[in-house]
Amino acid sequence: MIRLENATKTYKGADAPALDSVSLDIQRGEFVFLVGTSGSGKSTMLRLMLREERVDQGEVLVLGENLNQLSASKVAQFRRKLGVVFQDFRLLPNKTVYQNVAFALQVIGRPKAFIETAVPDVLELVGLSQKADRLPSALSGGEQQRVAIARALVNRPEVLLADEPTGNLDPATSNEIMTLLDRINLSGTTVVMATHDRGIVDRMQKRVVEIKAGHIIRDAKTASYREIPSDSMPIIPDSPADIDFGGQA
Amino acid sequence: MKLGFILSEMWAGIRSNISMIVSIILVSFVSLTFVAVTLLLQLQVGEMKTYWYDRAQVAIYLCSDYSPEEACPAGGATDAQKAAIEEQLAGETLTPYVDTYYFENQDAAYEKFVEQFADSQAAQYITADQLNEAFWVNLKDPTQSELILESFSGLDGVEEIKDQRSYLDEIFNFLNAGSLLAAGVASVMLLSATLLIATTIRLSAHSRRREISIMRLVGASRFSIQLPFVLEGLLAAVLGALLATSVTVAITHYFVTGYLAKQLAFTSFFTVADSLMITPYLLGIGATLAIISSSVSIHRYLKA
Ligand SMILES: Nc1ncnc2c1ncn2[C@@H]1O[C@H](COP(=O)(O)OP(=O)(O)OP(=O)(O)O)[C@@H](O)[C@H]1O
Ligand SMILES: [Mg+2]
């Protein structure tokens, strides 16, 4: 479903690569956390999957497309098969909840009849049917993020990419969002989520990919944020070649 | 994207940017009006050339008692001299080139003079004997006036040879200079219109950068992202072109047809039909500039 092969990305003007020969394979229906300290390369990995950025070396394959070979004109078509949410929600302040969600379908030319059924359905899914006519400014942070999730899901993507979706939310609200994402994942959507939130990762017990300075230093199924309590943490080797990926496919 | 949605996006852009849109309309209006003036003046020159050049005559002015010494040392032309000139005009050498010619005596010249200068004081001070007798020559090819000049200048009894085309050329030069000036103003104004459209669209894109980034994320095509912006610039430029057309047509109708053509009955002027005929050009120029400048500016914005 998503595969990185020795993907290397160095930003213009940066002296070290943001991702250094990273390989990763994500199967259909998985829920994967990307964890790591700030600047480790989590967002960069998501941007490569979205083809916001392109690798300098290696390959990125998403939903059967080799993103290196995807022509500029096909990028739009490709992105329709993905959903994305961010820490800062990115809603349009002058549109209502309903309009924000409908916007994602209107701009890709979906027919009116489709929009009129798909938008209420997805608002129902995220629990915002009652607040469809509100402006984002009249919603709580958690509600705003649920609108963003609704917008990401309304075109029924196979993959949902989430970059710190709970980063701006308090723990209780974060849990609501995680429950929602888990439900979405259970219905078949592959979810890749970058996060700093240790509590969430520990509670969810999903696959965890840990990145440090552009290298994957851990990839474990149904894991916690840290394998071992941090006060007794072993020294982590620098080269990914030294790492046992825990039998990951 | 559906048309209704594109239009509503465009309308949102226009509302948030209304004063800039108005300035695009005005600048394209003024610049395209100058384009129209350029085109119509060229049309006018062309029309007058075909009309007048064919009718232009060459005048062989004969010496009168008032002629200057240098040209006519022997005073007024004698009957023998006139006969010699006429003989040469009708002679074998010139017949192939001369279409018709006629002699105009002082009384006839005076009558014409009075008619031409009826409104001016000059007619009161001029008497028939102060005017020249002349042979008026119509050439088969009006450009060959050199021939008459070579044959008759310096001949006894001839004061001056004048090709009417030389007067016409002065008028045409004047009109041409006017149309060049209009063309110059038009190009400067068109350049500012283009830059203004580019700037406005960039501002408009900037104020809607959230929309643009979301459109890109959810997979809207580049074309459909650009379209509302390009349409915004296009609409403003087309409105400017329509204004320019209306003003041009109004000026043609009220000033040229309604006033000039009546005052100068012997000249044919461009008509309302002509100024309507150039409408497609104005629309075409305005639309092309708007499409190019707005797509270039939004394209650069999308890349950044
Ligand atoms: N557009 C850019 N230009 C240059 N360098 C960049 C750019 N974006 C990210 N970087 C650098 O690449 C590295 C990885 O950044 P990235 O945003 O992927 O980290 P992250 O893991 O998402 O961090 P955070 O947890 O703070 O969001 C960092 O060193 C960052 O400074
Ligand atoms: Mg990040």
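Small disclaimer: the values here were computed from a predicted structure and weren't measured. Throughout, a chain's letter reflects where its sequence line sits, starting with A, and its residues are numbered from 1.
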Restricting to ring-ring contact (aromatic ring centres under 6.0 Å, His included), what partner residues turn up for Phe174(B), sequence neighbours left out? none
Check whether more than 12 heavy atoms from other residues, nucleotides or ligands sit under 6.0 Å from atom CZ of Phe172(B), and answer yes or no. yes
Of the backbone (N, CA, C, O) and the side chain (C-beta and beyond), which part of Lys95(A) lies under 4.5 Å from a heavy atom of chain B, both, or neither? side chain
If I measure from the heavy atoms of chain B, does Asn94(A) come under 4.5 Å with its side chain, its backbone, both, or neither? side chain
Which region of Leu105(A), side chain (C-beta onward) or backbone (N, CA, C, O), has a non-hydrogen atom less than 4.5 Å from a non-hydrogen atom of chain B, or is it both or neither? neither
N/O donor to acceptor pairs below 3.5 angstrom from side-chain atoms of residues 178-199 of chain B, sequence neighbours left out:
residue, atom, partner, partner atom, Å
Ser179(B), OG, Gln42(B), NE2, 2.6
Ser187(B), OG, Ala183(B), O, 2.7
Ser187(B), OG, Gly184(B), O, 3.2
Ser192(B), OG, Val188(B), O, 3.0
Ser192(B), OG, Met189(B), O, 3.0
Thr194(B), OG1, Leu190(B), O, 2.7
Thr199(B), OG1, Leu195(B), O, 2.7

Please determine, by modelled atom types, if Ser40(A) and Thr37(A) share a side-chain donor-acceptor pair under 3.5 angstrom. no
